Amino acid sequence: MHMRIVRTDCLILALGLALGLVLSCTPEEAPTQTEPQLQLLGGSNYYTAGPEETLLEGITFSSTGPWRTSLTFEGEGGWIYLEPGYGAEAGEHTLSVTLLANRTGSARRAEISIRQTGSDPLKIFVTQESSPRIQTEYLSVTSPKLGTELANPLLDFHFVADPTALEYDGRLYVYGTNDHQQFQEASENTYEKIKSLVVFSTDDMVNWTYHGLIPVGEIAPWISASWAPSVVYTQKADGSPRFSLYFSNSGWGVGVLEAGSPLGPWTSPLDASLIDGNNETVKGSGSIFDPGALVDDVGTPWVAFGGTQGWLARLGADMHSFDTTPMQLPSPFHFEANELNCIGGTYVYTYNTNWQDHSSWTWGGTVPGACSMVYMKSTTPMDADSWTYGGMYFKNPGYNGFDFGNNHTHLHKYQGKWYLFYHVQSPLQSAFGTTGGFRSLQVDEIEVDEENVTIKECIPTREGVQALKNLDPFALQRAATVAATQNIVFNATGEAGHTTAAVGSPALSGSETRVGVIEVRGVDFGTGASQLTCRLRGEGLLSVRLDDFQGEDIALLGAASKDAWSESSTACYTTLSGVHTLYFIMEQGVELDSWQFAR
């Protein structure tokens, strides 16, 4: 970008320039540029101007006296006019301008100090040269997913474990233990620092909307820790929705939270655990934790829990009391990770076996490996003798090329397909440079014979699952809906489940982060999209690319305000059509809330 500052009497006084802009100190004819189209940012407004259009606002100009500004395009270039208002004084004047060139993908930001001894008008001529775009060529990519076709792990920016899921209003909400809290506070994952849970959702199984954290320790300050959630949906007597979230209060008890939405806000209906190790029925049986809740086919709520010994109880109508005394479940070599499903009227109880030698197994079928997932089934769940062994459906991930560690799964049918959610340690640990035992969630399809209620073994993969559908870019999309990221952090807002994206490192250390990338997959532009609108704030630029995060820009945007959210719109450099992977390249300082294309 060139800027030339000229007084009407052709006298230039004193100029200071920042950020590599070039100023000429002698008046001359305006240089020629082919069809400039510049975007001018400033104040709380955002403007687009083409040749021979005039803008009366949009330039941030501060000085010792009242000055008026305007922008006029003359032929192939543009002039910014500075005119003294009534009472204008001589002194130091500062002009801050940001100009983006739609057609070149280049941008420059300048702050110019002008020593004005009189009150004559000034005018600045602006042209755009080719200049460096947002640099990703040297971006150090550590994401195990970015720029690949791999779908696992589900989140590449956050350690999450112990999955559960809930379908509501067509979306699948996934909840888990916030291992990242432990990662941020300790080098080893000994779990005691974790007092929050993570929630994210999808409707295509590939792009995941990160909704942020459930701050259990703030909602229920009586807890010791919060792990391994399980969530169910019921309706209150008045028909209003009720979401009940059960969690491990460390290894001592099972807590419960309630909300009117799958995203909260959450409250604690009790001031202690629903059940803990002091309960006379379960006392001395091992850990009282890892709840698995279920509302069966006829609307009856249940919860299983326990460590070393599995337990089952029917829940009361209020969802935070028991309707029965807990019953011991047949659970040979039990360790943890209790879950319940109901398949065609048959109750399926899954749990994780311990690390001991299982050669004395007497339940028939496949003898489970160490720390592997097995299932029991019954049609009369409160009859302990009715439960039979179904088999082992998920070995410890260490048997299949991942790290050995504890094991926890969630079996779920969504959009006609059965999925198994589970956690592993690699590859996200390697990306974050740790070996502390921090876990990340993955998902693969699993084969379930619903007629005979049998579950085949699921093998964990890096490839993961295929998308159920394409993403609609003409609908409003949250910035937190991602398939992969690099150097992106998500900030909570005042709205439950609503987060925004900014550049930063989710790791604890590393080089300064200047550029972040968001990847969204399967974006279907149909027959054409020509305009993009983003809700932004902050300082810095955002560019958009197709299919290659180091490819050519298709759009370039900046925020209109450093502090206030506002919508910025731009024409795409070319009409977009078909299905693509979409990349948002963000400079440090800019924050993205949402985006939407238009035809």
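Everything numeric here is computed off the predicted structure, so don't read it as measured data.
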Would you say [atom1] of [X] has more than 12 non-hydrogen atoms from neighbouring residues, nucleotides or ligands within 6.0 angstrom?
{"X": "Gln184", "atom1": "CD", "answer": "yes"}
{"X": "Glu149", "atom1": "CD", "answer": "no"}
{"X": "Gln466", "atom1": "CD", "answer": "no"}
{"X": "Glu185", "atom1": "CD", "answer": "yes"}

Modelled atom types, side-chain donor and acceptor of [X] and [Y], under 3.5 Å:
{"X": "Gln429", "Y": "Thr435", "result": "no"}
{"X": "His498", "Y": "Asp593", "result": "yes"}
{"X": "His423", "Y": "Asn406", "result": "yes"}
{"X": "Asp179", "Y": "Asn189", "result": "yes"}
{"X": "Thr533", "Y": "Glu567", "result": "no"}
{"X": "Asp444", "Y": "Tyr422", "result": "yes"}
{"X": "Glu519", "Y": "Tyr583", "result": "yes"}
{"X": "Tyr393", "Y": "Glu457", "result": "no"}

Checklist line | Verdict with supporting geometry, Val160 and Asn178, side-chain contact (heavy atoms from CB on, under 4.5 Å) | finding: CA-CA 5 Å; Val160 192; Asn178 186 18; 5.7 Å; no
[X] versus [Y]: any side-chain heavy-atom pair under 4.5 Å?
{"X": "Ser226", "Y": "Ser248", "result": "no"}
{"X": "Val489", "Y": "Val503", "result": "no"}
{"X": "Leu263", "Y": "Val199", "result": "yes"}
{"X": "Asp553", "Y": "Val544", "result": "no"}
{"X": "Leu582", "Y": "Pro473", "result": "no"}
{"X": "Thr164", "Y": "Val174", "result": "no"}
{"X": "Arg439", "Y": "Thr177", "result": "yes"}
{"X": "Gln181", "Y": "Leu213", "result": "no"}

Check: Between Leu576 and Leu546, is a side-chain contact (heavy atoms from CB on, under 4.5 Å) present by the stated rule, with each step listed?
Finding: CA-CA 9 Å; Leu576 312 177; Leu546 292 184; 3.8 Å; yes
Item checked: Qualifying ring pair (Phe, Tyr, Trp, His ring centres under 6.0 Å) pairs with a residue from residues 517-542, counting only residues at least two apart or across chains -> Phe525-Phe597
Look only at the side chain of [X] and the backbone of [Y], and say whether a donor-acceptor pair between them is shorter than 3.5 Å.
{"X": "Gln477", "Y": "Asp472", "answer": "yes"}
{"X": "Asp162", "Y": "Gly176", "answer": "no"}
{"X": "Ser561", "Y": "Asp563", "answer": "yes"}
{"X": "Asp290", "Y": "Ala337", "answer": "yes"}
{"X": "Glu339", "Y": "Gly292", "answer": "no"}
{"X": "Gln182", "Y": "Glu188", "answer": "yes"}
{"X": "Thr575", "Y": "Ser530", "answer": "no"}
{"X": "His211", "Y": "Gly497", "answer": "yes"}
{"X": "Asn152", "Y": "Val443", "answer": "yes"}
{"X": "Ser568", "Y": "Gly558", "answer": "yes"}

Roughly how far, to the nearest 0.5 Å, is [atom2] of [Y] from [atom1] of [X]?
{"X": "Ile585", "Y": "Gln486", "atom1": "CD1", "atom2": "CD", "value": "11.0 Å"}
{"X": "Leu155", "Y": "Ser440", "atom1": "CG", "atom2": "OG", "value": "9.0 Å"}
{"X": "Asp547", "Y": "Ile554", "atom1": "CG", "atom2": "CD1", "value": "9.5 Å"}
{"X": "Asn207", "Y": "Lys469", "atom1": "CG", "atom2": "NZ", "value": "10.5 Å"}
{"X": "Gln425", "Y": "Ser430", "atom1": "CD", "atom2": "OG", "value": "10.0 Å"}
{"X": "Asp203", "Y": "Thr209", "atom1": "CG", "atom2": "OG1", "value": "7.5 Å"}

Check the orientation of [X] and [Y]. Use parallel for under 30°, tilted for 30 to 60°, and perpendicular for over 60°.
{"X": "Trp227", "Y": "Tyr191", "result": "perpendicular"}
{"X": "Tyr175", "Y": "Trp266", "result": "perpendicular"}
{"X": "Phe159", "Y": "Phe438", "result": "tilted"}

Would you name the heavy atoms of [X] and [Y] that are closest together and state the gap between them?
{"X": "Thr500", "Y": "Thr493", "answer": "CG2-CG2, 3.9 Å"}
{"X": "Met586", "Y": "Leu542", "answer": "CG-CD1, 3.8 Å"}
{"X": "Ala501", "Y": "Ile518", "answer": "CB-CD1, 3.7 Å"}
{"X": "Phe421", "Y": "Ala165", "answer": "CE1-CB, 4.4 Å"}
{"X": "Pro229", "Y": "Leu245", "answer": "CB-CD2, 4.2 Å"}
{"X": "Asn396", "Y": "Phe404", "answer": "OD1-CD2, 3.3 Å"}

Next item on the list: List in chain and number order the residues that pass salt bridge (charged side-chain N to carboxylate O under 4.0 Å, His left out) with Glu445, two or more places apart in sequence or in another chain; answer none if no residue qualifies.
Entry: Lys417
Next item on the list: Would you check, one step at a time, whether the test ring pair (Phe, Tyr, Trp, His ring centres under 6.0 Å) holds for Tyr173 with Tyr168?
Entry: CA-CA 8 Å; Tyr173 294 83; Tyr168 182 71; 7.1 Å; no
Cationic N near anionic O, under 4.0 Å, [X] to [Y]:
{"X": "Asp156", "Y": "Lys145", "value": "no"}
{"X": "Arg521", "Y": "Asp204", "value": "no"}
{"X": "Glu591", "Y": "Arg537", "value": "yes"}

Check: Who are the ring pair (Phe, Tyr, Trp, His ring centres under 6.0 Å) partners of Trp208, not counting sequence neighbours?
Finding: Phe200
Note to self: Holding to ring pair (Phe, Tyr, Trp, His ring centres under 6.0 Å), I want the full list of residues that pass it with Phe490, two or more places apart in sequence or in another chain.
What the structure shows: Phe157, Tyr210
Notebook entry, point to check: How about Phe432 and His180: are their ring centres within less than 6.0 Å of each other?
Noted result: yes
Next item on the list: Go through the structure and list residues passing side chain to side chain contact (heavy atoms under 4.5 Å, CB included) with Ser426, not counting sequence neighbours.
Entry: Phe402, Asp403
Next item on the list: Tell me, please, which residues at least two apart from Arg599 pass side chain to side chain contact (heavy atoms under 4.5 Å, CB included).
Entry: Phe474
